[in-house]
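No experiment lies behind these values; they were computed from the predicted model shown. Quick note: numbers below take in every heavy atom, side chains included, and nothing from hydrogens, waters or symmetry partners.
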Amino acid sequence: FHLNRTNPFIVHKGSAWQRCRRPFLEVAPMAAGLSSLSAPTFADLAERDARDRFLNIAATCPDAIMCAAEDGRIIFWNLAAEKMFGHTAEVGTRNRQDLILPEPARQTYDDWLLAVRDRAPGTKFADHIELTCRRADGSEFPAEMTYSSWYESGGFVICSMIRDITARREADERLKD
């Protein structure tokens, strides 16, 4: 279950937010980001600050940010990704990261994902990768992707930052003419 921080009496179970009656002594520490009523440790506070910092960066970033588990399943999808690809976070996080790729590029993505997993976390192939992405309506557009990878308690994670470069490509074409 996931706690709704704005109303700790609402929890996420499966695919729906549900109201529940929880004793205040159980809810209060969770609302504060703690696992019990004991005083927060430095590690508790640092973990909460790091999580909040990431969420604030992702919420304000103009680029799409998607994090995927080792199998390519999306585990995080920011608002910019919703706008860029036309899929809600709920749809995005029920799919693999290749949801945003045209069919011919999906095998290439799977090969790339395997190669990234075989490298040490944080090791890159290049500063960025140019690729063709697909929106929910089926339209395609050129994009630039950077990524980072790491291991956490749930296993290997790859986080991609994707930027639509349509305007840049159009400007390049105008300069050529």
Side-chain angles (χ1 to χ4, degrees), residues 1-20 22 27-35 40-101 109 113 116 121-122 124 126-137 139-168:
F1 91 142
H2 300 286
L3 182 68
N4 177 337
R5 292 212 180 273
T6 58
N7 185 341
F9 292 96
I10 298 178
V11 295
H12 187 262
K13 292 183 178 179
S15 63
W17 288 98
Q18 300 174 351
R19 289 200 171 275
C20 69
R22 304 187 69 152
V27 171
M30 288 190 296
L34 307 172
S35 58
T41 66
F42 180 77
D44 289 335
L45 295 173
E47 182 179 336
R48 186 178 66 204
D49 287 348
R51 181 185 59 242
D52 291 347
R53 187 175 304 114
F54 170 77
L55 292 174
N56 286 323
I57 291 168
T60 58
C61 182
D63 296 334
I65 299 177
M66 296 184 309
C67 296
E70 188 168 351
D71 60 1
R73 181 180 39 84
I74 299 169
I75 57 175
F76 179 82
W77 178 276
N78 73 344
L79 183 59
E82 287 187 13
K83 292 176 182 177
M84 185 179 296
F85 298 109
H87 296 287
T88 64
E90 183 179 357
V91 169
T93 56
R94 282 187 287 154
N95 286 280
R96 285 177 33 94
Q97 206 169 17
D98 62 7
L99 167 75
I100 64 161
L101 299 173
Y109 171 78
L113 185 60
V116 169
K124 295 182 181 182
D127 289 333
H128 66 274
I129 299 166
E130 290 193 7
L131 67 160
T132 300
C133 289
R134 185 186 64 187
R135 293 184 182 93
D137 66 6
S139 62
E140 297 179 3
F141 63 97
E144 179 178 88
M145 179 179 78
T146 58
Y147 69 92
S148 184
S149 60
W150 61 86
Y151 286 94
E152 59 185 34
S153 60
F156 179 80
V157 175
I158 183 165
C159 186
S160 304
M161 287 66 66
I162 301 167
R163 175 173 292 161
D164 184 337
I165 59 170
T166 302
R168 184 189 318 163

Derivation and outcome, side-chain contact (heavy atoms from CB on, under 4.5 Å), residues C61 and M161: CA-CA 9 Å; C61 182; M161 287 66 66; 5.7 Å; no
Could you give me the CA-CA distance, side-chain angles and deciding distance for F85 and C133, then say whether side-chain contact (heavy atoms from CB on, under 4.5 Å) is met? CA-CA 8 Å; F85 298 109; C133 289; 3.7 Å; yes
So SG of C159 and CD1 of I75: to nearest 0.5 Å the spacing works out to 8.5 Å
Could you state the interatomic distance from CG (L131) to CZ (F141), rounded to the nearest 0.5 Å? 8.0 Å
Between I100 and M66, is there a side-chain heavy-atom distance shorter than 4.5 Å? yes
N95: side chain to side chain contact (heavy atoms under 4.5 Å, CB included) partners, not counting sequence neighbours: V91, L99
Quick one: closest heavy-atom pair of I158 and Q97, and the distance? CG2-OE1, 4.0 Å
Quick one: does E82's side chain have a donor or acceptor within less than 3.5 Å of a partner on A89's backbone? yes
Test item: N78 side-chain N/O and I57 main-chain N/O as donor-acceptor pair under 3.5 Å: no
To the nearest 0.5 Å, atom CZ of R96 lies from atom CD1 of I74 at 9.5 Å
P142 side chain near T166 side chain, heavy-atom distance below 4.5 Å: yes
Point-to-point distance, once rounded to the nearest 0.5 Å, from CD1 of I165 to CD of E130: 4.0 Å
So, are R135 and D137 salt-bridged, with charged N and O less than 4.0 Å apart? no
Closest non-hydrogen atoms of A64 and A81, given as atom of the first, atom of the second and distance, are CB-CA, 3.6 Å
To the nearest 0.5 Å, what is the distance between CZ on R73 and OG1 on T93? 9.5 Å
Distance-only, no hydrogens or angles: does the D44 side chain make a donor-acceptor pair with backbone N or O of T41 under 3.5 Å? yes
CZ/R94 to CH2/W77 distance, rounded to the nearest 0.5 angstrom? 11.5 Å
